[in-house]
Amino acid sequence: MKTKILFLLCMLFALQTVAQPLPQVAPEEVGMDSRRLAYADEVILDAIAKKEIPGAVLAVVHQNKLAYLKAYGNKQVYPSIEPMEVNTVFDMASVSKSMSTAVAAVILLERGKFRLQDRVKDYIPGFEGWTDEDGRTTDIRMVDIMTHTSGLPPYANVDSLQAKYGAPNPDGLIEHIATCKRDFKPRTGFQYSCLNYITLQRVIETLSGQNLRDFAKENIFDVLGMNHTDYQPKGETLALTAPTEKQKDGSVLKGVVHDPLARIMNGGISGNAGIFSNATDVALLAAALLNNGEYNGKRILSPMGVRMMRTVPNNVAQFGRTPGWDVCSPYASNNGDLFGPNTYGHTGYTGTSLIIDPDNGTAVILLTNRVHPEDAGGVVRLRSIVANAVAAAIDCPPARLYFPRYYTKVAEFAAQPSITDKDIVFLGNSLTENANWSELTGKKKIVNRGIIGDEIMGIYDRLDQILPGKPKKIFLMSGTNDVSHDLSTDEIVSRMALLIDRIQQESPKTKLYLQSLLPINESFGRYKKMTGKTDQIPAINACLKQLAEEKNIDFIDLFPLFVQPRTNIMRKELTNDGLHLKSEGYEIWGKAIKKYL
């Protein structure tokens with residue numbers, strides 16, 4: 001019995017290890033600039049406003065961490081509107097070729113099941129090569145179908161295939177591909193073809209004895225913990241899926257692959273399309289490829305396999321395609337203009353895109369459903385612009401770097417409704433964050449933007465979340481943490497002047513109230529960095545009062561309400577630690593500012 005329990009616990013631990021997502025961090029924590037990444041936000045929102053896409057999810061992997069994850073717009077606009085979420089699942093369309101079919105093929109190659117120079121007809125009997133005018137035949141090889149240099153036609157007429165073979169009929173589809181007219185001699189040209197990867201699917205299934213779905217799930221998705229990646233999604237994955245195109249009967253495709261060959265002839269499991277996934281799952285795969293085929297101790301490919309997969313073979317170098325990915329073919333505009341020369345990726349017809357720059361350790365995942373509700377949207381230019389904005393944010397750390405909680409809270413604020421001109425905003429540090437201002441003042445339109453540990457320049461650097469909404473009023477208190485950082489009174493007041501100037505310049509109609517710092521009580525001995533700073537607080541307040549007069553704003557002097565008589569020390573009954581307030585202290589504060597609201 002004990003052995004069984006131990007076994008089950010080990011299995012549970014193993015599953016938890018596999019399912020661990022990429023750690024999400026603020027861009028600044030991995031040397032990226034969130035202000036530059038905001039340019040990507042702007043162009044995505046512009047594309048939504050122009051109805052080029054209904055919505056999108058952007059994810060950026062950098063240094064094996066999820067440095068950016070954001071949802072925009074709506075995942076559905078017909079028959080009802082549903083907002084986009086970061087965990088939305090998308091029809092990956094032709095990105096399936098890379099993230100499933102090609103990876104599966106390389107896994108088999110590493111196991112010695114085939115080599116790139118093998119003839120396709122060795123695995124699909126009757127698979128014809130190219131025959132020239134003199135009757136000489138050139139075989140189509142595995143490398144040819146994987147690099148789109150085989151000469152196979154780009155696509156096939158689904159109506160004709162369905163009429164001839166019935167549907168679904170994967171065997172009929174392979175029979176057609178095996179014998180259809182070849183457009184050119186292998187390795188003499190490039191022609192992107194879904195038929196290539198449907199052929200590759202059949203080879204994978206022949207060699208593995210499994211269908212593509214089962215093989216990919218067992219050897220890629222389950223290994224990496226890609227829990228919402230599958231063909232023919234069901235359950236929670238289906239519920240999270242964004243719809244694609246509206247059909248003639250008024251329904252929309254949801255969880256059913258958009259590509260006709262994959263949907264009709266292959267029944268949803270197809271080498272050219274059919275994968276459904278979300279940004280965080282795709283990020284896991286990207287992280288594994290950036291980490292030489294392994295993530296979180298789980299390996300899907302060898303380092304040499306990854307290198308081969310992203311390298312253009314010498315004999316087709318002019319065409320820019322690797323065995324599974326696009327490096328510099330005419331289809332590679334999603335790479336943008338700034339990423340390195342070894343960048344590789346793939347796009348999907350539905351509006352999906354994945355690019356990976358191994359030199360910079362970065363992947364950009366842009367997922368849209370541009371074919372919803374009509375197949376009319378466009379993302380070619382958008383993909384490139386987003387890639388440029390992301391690339392430009394790499395190795396551009398800001399002038400100031402803050403603590404992890406700061407970035408967590410900034411991300412939380414970004415996910416909340418935007419500030420409006422009806423809102424009253426409280427800006428500050430822990431003293432501000434720890435209060436329920438609506439309850440204290442009886443006002444509903446109060447927005448708390450305090451962050452524990454924040455300082456004056458921290459507030460300055462996040463004003464871009466506040467000022468575009470032109471809030472009705474701002475109540476500002478900051479400086480205590482600056483005191484603990486050993487800044488002088490002049491330095492603190494100078495920083496406050498910069499903060500006030502920016503607020504007045506960018507939101508001149510906002511009524512600004514500058515609140516004094518509260519006293520401290522060193523007798524608690526809790527905050528060593530505040531030792532000897534008791535008398536600096538009133539000195540700062542005197543300067544802040546003068547600054548408020550110069551800037552023509554109201555100064556609210558709270559300091560006298562909290563001190564012991566004839567001292568500069570906070571009353572003991574109002575604090576537990578000499579710095580932060582009990583409820584009684586907040587009641588005093590709330591009562592003092594009510595008249596300004």
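FYI, the numbering just counts along the sequence from 1.
With hydrogens and angles disregarded, a donor-acceptor distance shorter than 3.5 Å links the side chain of R263 to the backbone of V257. In this structure, the side chain of T88 does not engage the main chain of M84 through any donor-acceptor pair within 3.5 Å. In this structure, the side chain of S96 does not engage the main chain of S94 through any donor-acceptor pair within 3.5 Å. Side-chain atoms of T322 come within 3.5 Å of backbone N or O of M309 as a donor-acceptor pair. Looking at E28, its side chain does come within 3.5 Å of a backbone N or O of S34 through a donor-acceptor pair. Between the side chain of N448 and the backbone N or O of G450 there is at least one donor-acceptor pair closer than 3.5 Å. Side-chain atoms of N429 come within 3.5 Å of backbone atoms of L431 as a donor-acceptor pair (strictly under, hydrogens ignored). Counting only distance, with no hydrogens or angles, the side chain of T362 and the backbone of H62 share no donor-acceptor pair below 3.5 Å. Looking at D357, its side chain does come within 3.5 Å of a backbone N or O of G340 through a donor-acceptor pair. Side chain of D281 to backbone of T229: a donor-acceptor contact under 3.5 angstrom is found.
The aromatic rings of F319 and F190 sit parallel to each other, their planes meeting at less than 30°, with 60° as the upper class boundary. Below 30°, between 30° and 60°, or above 60°: for Y406 and F403 the angle between ring planes is above 60°, a perpendicular geometry. Taking the six-membered ring where tryptophan is involved, the planes of Y513 and F475 are essentially parallel, since the angle between them stays under 30° and well short of 60°.
Residues N388 and D337 bring a donor and an acceptor atom of their side chains to less than 3.5 Å of each other. Using modelled atom types and a 3.5 Å distance limit, the side chains of H258 and T244 yield no donor-acceptor pair. Checking Y596 against D554 by side-chain atom types alone, no donor-acceptor pair falls below 3.5 Å. Residues S353 and N334 bring a donor and an acceptor atom of their side chains to less than 3.5 Å of each other. Counting only N and O atoms by type, the side chains of Q76 and S80 include a donor and acceptor under 3.5 Å apart. When only modelled atom types and interatomic distance are considered, N436 and Y586 share no side-chain donor-acceptor pair under 3.5 Å. Between the side chains of T343 and N335, no donor N or O sits under 3.5 Å from an acceptor N or O. No hydrogens or angles considered: a donor-acceptor pair under 3.5 Å links the side chains of N342 and D359. Counting only N and O atoms by type, the side chains of Y155 and N272 include no donor and acceptor under 3.5 Å apart.
Put simply, the side chain of L440 does not reach to within 4.5 Å of the side chain of W589, judged on heavy atoms. With contacts defined as side-chain heavy-atom distances shorter than 4.5 Å, the pair H228/F276 does not qualify. For the pair T237 and D230, the minimum side-chain heavy-atom distance is 4.5 Å or more. Contact annotation: the side chain of K75 never approaches that of P83 to less than 4.5 Å [non-hydrogen atoms, C-beta and beyond]. With a 4.5 Å cut-off on side-chain heavy atoms, I419 and Q465 do not count as touching. M226 is listed as a side-chain neighbour of L285, based on a closest heavy-atom distance under 4.5 Å.
Taking the six-membered ring where the residue is Trp, the centroids of Y192 and Y331 are separated by under 6.0 Å. Checked against a 6.0 Å centroid threshold, the rings of H148 and Y197 count as neighbours. Ring-centre distance between H372 and Y78: not below the 6.0 Å cut-off.
Sparse packing is recorded around CD of E439, with 12 or fewer heavy atoms of other residues, nucleotides or ligands lying under 6.0 Å away. For K217, the NZ atom sits in a loose shell: 12 or fewer heavy atoms of surrounding residues, nucleotides or ligands are nearer than 6.0 Å. The 12-atom threshold is exceeded at CZ of F413, counting heavy atoms of other residues, nucleotides or ligands nearer than 6.0 Å. Within a 6.0 Å sphere centred on NZ of K254, heavy atoms belonging to other residues, nucleotides or ligands number more than 12. No more than 12 heavy atoms of other residues, nucleotides or ligands lie within 6.0 Å of NZ in K509, so this atom counts as exposed by the packing criterion. The number of heavy atoms from other shown groups lying within 6.0 Å of CZ (R307) does not exceed 12. Around atom NZ of K422, no more than 12 heavy atoms belonging to other residues, nucleotides or ligands sit under 6.0 Å away.
In this structure, L301 CG and N292 CG are separated by 10.5 Å, a value rounded to the nearest 0.5 Å. Rounding to the nearest 0.5 angstrom, the gap separating the CG atom in L66 from the CD atom in Q63 is 13.0 Å. To the nearest 0.5 Å, atom CG of residue L289 and atom CD of residue E294 are 11.5 Å apart. If you take CG on L512 and OG on S507, they are separated by 9.5 Å, rounding to the nearest 0.5 Å. Interatomic distance, CG of L467 versus OG1 of T510, reported as 7.0 Å (0.5 Å rounding). Note: C194 SG to L261 CG = 6.5 Å, rounded to the nearest 0.5 Å.
Contact between F90 and T352 at its shortest, heavy atoms only, is CB-CG2, 4.3 Å. Taking every heavy atom of both residues into account, L290 and P358 meet most closely at CD2-CA, 3.8 Å. Nearest heavy atom pair, residue P471 against residue I466, reads CD-O, 3.6 Å. Closest approach of L212 to S270, counting heavy atoms only: CD2-O, 3.8 Å. Listed here is the closest heavy atom pair of S478 and E455: OG-C, 3.5 Å. Residue P23 comes nearest to Y295 through the heavy atom pair CD-OH, 3.5 Å, listed as atom of the first residue, atom of the second, then distance.
One finds a salt bridge joining D326 and R321 here, because a Lys/Arg side-chain nitrogen approaches an Asp/Glu carboxylate oxygen to under 4.0 Å. Using a 4.0 Å cut-off between charged nitrogen and carboxylate oxygen, K246 and D375 do not count as a salt-bridge pair. Using a cut-off of 4.0 Å between Lys/Arg side-chain N and Asp/Glu carboxylate O, E433 and K409 are scored as salt-bridged.
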Could you walk me through whether K511 and I424 pass the side chain to side chain contact (heavy atoms under 4.5 Å, CB included) check?
CA-CA 9 Å; K511 182 70 174 176; I424 299 171; over 6 Å; no

Audit row: V390, L37, side chain to side chain contact (heavy atoms under 4.5 Å, CB included) steps and yes/no
CA-CA 6 Å; V390 173; L37 286 168; 4.0 Å; yes

Applying side chain to side chain contact (heavy atoms under 4.5 Å, CB included), run through V371 and Y349 and close with a yes or a no.
CA-CA 8 Å; V371 294; Y349 184 84; 4.1 Å; yes

Between D423 and K472, is the salt bridge (Lys or Arg N to Asp or Glu O under 4.0 Å) condition met? List the steps.
CA-CA 5 Å; D423 290 324; K472 183 178 180 181; over 6 Å; no

Verify side chain to side chain contact (heavy atoms under 4.5 Å, CB included) between L354 and W325, making sure each step is shown before the conclusion.
CA-CA 10 Å; L354 166 62; W325 298 89; 3.7 Å; yes

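Screening R449, R462, R405 for a side chain to side chain contact (heavy atoms under 4.5 Å, CB included) involving D454 leaves a single residue, R462.
For R495 and Y460, the positive end is not near the middle of the six-membered ring at less than 6.0 Å and at most 45° from its axis.
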